[in-house]
Amino acid sequence: MEYNFNEIEAKWQKYWADNQTFKAENTSEKPKFYVLDMFPYPSGAGLHVGHPLGYIASDIFARYKRHKGFNVLHPQGYDSFGLPAEQYAIQTGQHPAVTTETNINTYRKQLDKIGFSFDWSREIRTSTPEYYKHTQWIFTELFNAWYNKEADKAEKIETLVALFEANGTAKVNAVCDEEVEQFTALEWNAFSSKEQEQVLAQYRLTYLSETEVNWCAALGTVLANDEIINGLSERGGHPVERKKMMQWSMRIAAYAQRLLDGLNTIDWPQPLKDSQTNWIGRSQGASVTFNVAGSLSGDEKPKTIEVFTTRPDTIFGVTFMTLAPEHELVSQIVTDEQKETVEAYITATAKRSERDRMADVKTISGAFTGAYAVHPFTGENIPIWIGDYVLASYGTGAVMAVPCGDQRDYDFAKHFNIEIKNIFEGIDVSEKACEDKTAKIANSDFLSGLNVKKATKLAIYELEKAGVGQGKINYRLRDAVFSRQRYWGEPFPVYYKDGMPQMIDAAHLPILLPEVEKYLPTEDGQPPLGNAEVWAWDTETSTVVSNDKIDDKTVFPLELNTMPGWAGSSWYFNRYMDANNPNEFASKDALDYWKEVDLYLGGSEHATGHLLYARFWQKFLFDLNYVPVDEFAKKLINQGMITGTSAFVYRVKPHAGLFSKELEGDKEKYDLFYDRLPQVFHSRQLIDKYYSVEKKSDFSNDKFSEIKKFYQTYNEDNLDLNCISLEFQPIHTDVSFVDTQNELDIEAFRNWREEYKKAIFISESGKVLSPGEDLGEEKYIVGREVEKMSKSKYNVVNPDSICEEYGADSLRLFEMFLGPLEQSKPWNTSGISGSHSFLKKMWRLYANANDFKGVEGEPSKDELKVLHKTIKKVEEDIENFSFNTSVSTFMIAVNELGALKCNKKEILEPLLVLISPYAPHITEELWSKLGNTESIATAPFPVFEPSHLVESAKEYPVSFNGKMRFKLELPLDLSKDEIEKIVMEHEKTQAQLQGRTPKKVIVVPGKIINIVG
RNA sequence: GCCUAGGUGGCGGAAUUGGUAGACGCGCUGGAUUCAAAAUCCAGUUUCUUCGGAAGUGCGGGUUCGAUUCCCGCCCUAGGUACCA
């Protein structure tokens, strides 16, 4: 009987679906294990073979854990809100919900064909009201919470109100806006409710604030940084300006330290942890306040500049201050003489985009404000400069410049001829700054003679004593903007009363996304929800009503922004635990049972987005006792990318070469000639042999005689063709036209596009093939190059066609066989024949065993040895996520058992369980043919028995000076001396030594023999 | 610049605590089977070689009886990040 994979795979996929084989229960005697893939966005392009890599790996692990007796939760769903669907809606007018649904169906069909063990009863989609109801609820919870630094956790806003009522701000230690006003309990209680609201807004974990965005007026949208190229929009190339907008922000910075600390408790890849650490960017130092000279005597409040420094020990080395050009103090302190220069400089920097400023590190620019600051210890006047190397968005937007200790300050000082004061003992700073932290401080009053550590401590102490500074920890992490001016996202459960945002009560959620005519922003620049006609909140009926009912008494306007993509994905892993719960995001029982994801698989591109936000929300939900753990994923693995192998054809492009003077006049005729020419493509190796892709080739060369003859037929004006030079342009061709020998199907290529219909091919042997002429014995070879798999490069390989031709089991094995999971590796379809023929070989092994039924009886020693070394290796491999090596192990096992003509049920049955996580369909089929009536899915994993691997002899490698020269089989129970004696007497040893006496003989019993000398 | 990962045949890769470098697969070569093809099976396949061997894991050193593995310096590739005070 043949291995009919299509039939077998369809049969078992149906069986699993009908029997709900992989449905996870929320109560079980078994230990739990939660395996999750990172949330996919269902794009219109569907899956290519790179996508399932991680899904196959996690599926193998999930199936393995079932064999190991775990209750496994392995769900799947869709992060279905998002920009591409909205973009498509804008272009076509189709509702994003419709296209999203279509895309999801395509995804599902593709996923089903690969035989994943997902529990589809728990499928979720972030764009369904049943789901985003809870996303909206979490948002209101964040709004109704503040961060208590005293308890180091988030608390309900009521506890803050209670503190205000009792003591005002006196006993409040909270994460809040900068510069909040201080008040007493009496004052608080006297505030109007609006005033109280305004105060509370400064403490809430989500709050409205003016944020700068990249506004593109032509597109009517806000753009992300990577959608902007050279100050223009990526799409259309329209101008982009910085614009302030009132937006929701998330106070993630409150969690900076805990997000950092939490990294030590989770098993995530080091590079990923490193990038989160960098992103959070903790730096320890001090904040120092400098008074602006001359501002002390006036009537006004003295002007001060606050800076953050990581090196307070170098405070005596300060010779100037630098403010960011955007710093608000600049306009206040600039002197009349300097006004013009400073303003010109500010205008110049404002024109440069952030990207320009970043790209251009070498140009030093700045301007003197004319003002001076007073050194807190020496009382000296130090000039205040502005310079764009100081960023307004980091720290306080101002630095105390210590040119002797910081290279950027040094370069700035050199450029503008500012004093460089040396405060390091015995170090020359005439060439460059000293950034070495082992240098001793000198020339620094009370800090002189101290090392960095001691000086830092003392400097902070003195700053605090003088009331001009304090020790401080600064984080790079900014609060996250949470508003999007888009349609296809979660609506905020927010309405505005008297200009203040009001949360809609949880009981009335979800607030459904309204229907709109157009998905574009409104003409007056409002987000797309501004187009909705029924988008007002009636506080009496607690329903969404028509806009014309707005009276600002009982009916109020609703928020027009929507939530960003990361809202829905920041808590979805909790939803899977109880996906169909209509009342809560998940029941307490379900949360307490599943707790967290045990294995999370996905790409490293989510390092500082999804994975940071999700950790933030989890910690918040933990603080409010909604979830039992404060890290949502115990272990995380980044799977590498599968790259595509693009194929290129080489189009000949004739160029006018070096014209002699008399040919100059024929330029037009030449152009006409080029236009008449059909497209000509050269075979790759032909080019390699004679010409070069990179360089232009001289057409007068004899090598081109064939093509020249051909071109001559188009040469109506009798032009001199010898002055032409040729260039070869590599053009992507669809990889499906190319076979494993890199030969192109020229018919398929000609039919691909109208412009190639009449294409001419120059074959490998140099023959010119006109349209209609087929290759015959000739070959056309394409060039190949490894690139990212993408539609535009025509190198996408579709898993469906692979499943059809070779089967899902072959695909699964091959994807794992390609190489280590974490590494990126190129796809090469021809390799799949290896894993496919392995499955056929395996099928034959079982077919030969009493027509699939297997033979009862004692297996031989050798058979047992093969089985048990396979058990050992495969178990180790899966535990180490080394899936590629276990595929090799299976191949070896089947090869060896085939050689032994093994037909014993006692061997063949456990072997199926080992292979089943990797190739679930064929193993189910063979399992049932062996006489089992239950699915293999929960069959226990075979237990490794070391006694079967015990050997009595070892084939020792005999090395001379560390190089293996021959092998010698010896019993394992020999002593070192006995081994040495036998080896030394061996004729090959004597031959190697050629009469020399060895200096030393190393014998490691059971391992190696090494003879030195 | 900094951080991280990596560099092994024609290709993907293996070598788990330092102990036989190149497992397994692709590709290629030859053979068997076949009218022929597909499929299958068998043999070979790092390089050089005077056929005895010799060299060899990015480069240069070091530790060791022994290094793909450990240490030092350098080169290259990929990913991340950036005037971060």
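Protein chains get the first letters and strands the later ones, always in sequence-line order, with residue 1 at the start of each.
The CD1 atom of A:I1009 lies 12.0 Å from the CE atom of A:M964; values are rounded to the nearest 0.5 Å.
In the interface, the side chain of A:E876 is paired with the base of B:U16 through a donor and an acceptor atom under 3.5 Å apart. In this model, a side-chain donor or acceptor of A:K873 finds a partner on the base of B:U16 within 3.5 Å. For B:C83, the base has a donor-acceptor partner in the side chain of A:D388 [N/O atoms by modelled type, under 3.5 angstrom].
Side-chain atoms of A:P271 lie closest to B:U4 of the nucleotides B:U4, B:U40, B:A23. Ranking B:A85, B:G12, B:U81 by closeness to the A:T309 side chain, first place goes to B:A85. Taking only side-chain atoms of A:S837, from C-beta outward, the nucleotide of B:C24, B:A54, B:C26 with the closest atom is B:C26. Each of B:A85, B:C65, B:C26 was ranked by its minimum atom distance to the side chain of A:T310; first place goes to B:A85. Distances from the side chain of A:W279 to the nucleotides B:U81, B:G12, B:C65 place B:U81 closest. Closest approach to the A:K1000 side chain among B:C24, B:A85, B:C65 is made by B:C65 (side chain taken as heavy atoms from C-beta onward). Closest to the A:R844 side chain, of the nucleotides B:G80, B:A85, B:C41, is B:C41. The side chain of A:S833 sits closest to B:G27 out of B:G27, B:G12, B:A85. The side chain of A:M891 lies closest to B:G25 when the candidates are B:G6, B:C65, B:G25. Closest to the A:T885 side chain, of the nucleotides B:A82, B:A85, B:A14, is B:A14.
Comparing the same atom, P, in B:G61 and in B:G25 gives a spacing of 38 Å after rounding to whole Å. Rounded to the nearest Å, the gap between the C1' atom of B:G56 and that of B:U8 is 10 Å. The separation of B:G30 from B:A37, taken at their P atoms, amounts to 14 Å, rounded to a whole angstrom. Here, B:U4 and B:C71 have their P atoms 14 Å apart, quoted to the whole Å. Rounded to a whole angstrom, the distance from the C1' atom of B:U57 to that of B:U69 is 11 Å. Comparing B:C75 with B:C59, their P atoms are spaced 15 Å from each other, to the whole Å. For the C1' atoms, the distance linking B:U46 with B:G13 amounts to 15 Å, nearest Å.
In this structure, B:U40 forms a base pair with B:A32, meeting either the Watson-Crick or the G-U wobble geometry with both donor-acceptor distances under 3.5 Å. Base pairing annotation: B:G6 forms a Watson-Crick or G-U wobble pair with B:C76, both donor-acceptor distances under 3.5 Å. Judged by Watson-Crick or G-U wobble contacts below 3.5 Å, the nucleotide B:A21 has no partner. With a cut-off of 3.5 Å on both pairing distances, the Watson-Crick or G-U wobble partner of B:G27 is B:U45. When both distances must be under 3.5 Å, the Watson-Crick or G-U wobble mate of B:A67 does not exist. For B:C51, there is no paired nucleotide, since no Watson-Crick or G-U wobble pair has both relevant distances below 3.5 Å.
The aromatic ring centroids of A:W827 and A:F814 lie less than 6.0 Å from each other. Checked against a 6.0 Å centroid threshold, the rings of A:Y918 and A:F890 count as neighbours. Taking the six-membered ring for Trp, A:F5 and A:Y3 have ring centres closer than 6.0 Å. Aromatic rings of A:F320 and A:F412 (six-membered ring for Trp) have centroids within the 6.0 Å cut-off, being under it.
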Q: Begin with the C-alpha distance, continue with both residues' side-chain angles, and end with the deciding distance and a verdict on side chain to side chain donor-acceptor pair (under 3.5 Å) for A:S882 and A:N880.
A: CA-CA 5 Å; A:S882 172; A:N880 292 320; over 6 Å; no
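The OH atom of A:Y956 sits 16 Å away from the C1' atom of B:G66 (whole-angstrom rounding). Counting to the nearest Å, the P atom of B:A38 and the NE2 atom of A:H836 are 16 Å from each other. In this structure, the NZ atom of A:K967 is 14 Å from the C1' atom of B:G19, given to the nearest Å. Look at OH on A:Y389: it is 8 Å from C1' on B:A85, rounded to the nearest Å. One can place CG of A:L821 at 13 Å from P of B:G13, the figure rounded to the nearest angstrom. For A:W268 and B:U4, the CH2 to P distance is 19 Å, given to the nearest whole Å. For the pair A:W385 CH2 and B:A85 P, the interatomic distance rounds to 23 Å; values are reported in whole Å. Across the protein-nucleic acid pair, A:N884 atom CG and B:A23 atom P stand 15 Å apart, rounded to whole Å.
Both A:N880 and A:P826 sit near RNA chain B, but only A:P826 has its closest nucleotide nearer the 5' end. Residues A:D274 and A:K963 both approach RNA chain B. Their nearest nucleotides, taken by heavy-atom distance, put A:D274 toward the 5′ side.
The one candidate from A:T314, A:T456, A:I441 that meets the side-chain contact (heavy atoms from CB on, under 4.5 Å) condition with A:L447 is A:I441. Under the salt bridge (Lys or Arg N to Asp or Glu O under 4.0 Å) test applied with A:E896, the options A:K841, A:K869, A:K865 reduce to a single match, A:K869.
Taking a 6.0 Å sphere around NZ of A:K872, one finds it holds 12 or fewer heavy atoms contributed by other residues, nucleotides or ligands.
Contact annotation: A:R476 does not reach the phosphate of B:A85 (side-chain N/O to OP1 or OP2, under 4.0 Å). Contact check, A:K825 against B:G12: no side-chain N or O comes under 4.0 Å of OP1 or OP2.
If you check every strand for non-hydrogen atoms under 4.0 Å, A:R282 touches nothing. Within 4.0 Å of A:N474, counting heavy atoms only, lies no atom of the nucleic acid at all. Heavy atoms of A:P820 sit under 4.0 angstrom from primed sugar atoms or phosphate atoms, though from no base atom. At a threshold of 4.0 angstrom between heavy atoms, the contacts of A:S959 with the nucleic acid are absent. A:T889 comes within 4.0 angstrom of nothing in the nucleic acid, heavy atoms only.
B:G52 takes the syn form, because its glycosidic angle lies no more than 90° either side of 0. B:G9 has its base syn relative to the sugar, with a glycosidic angle deviating from 0 by at most 90°.
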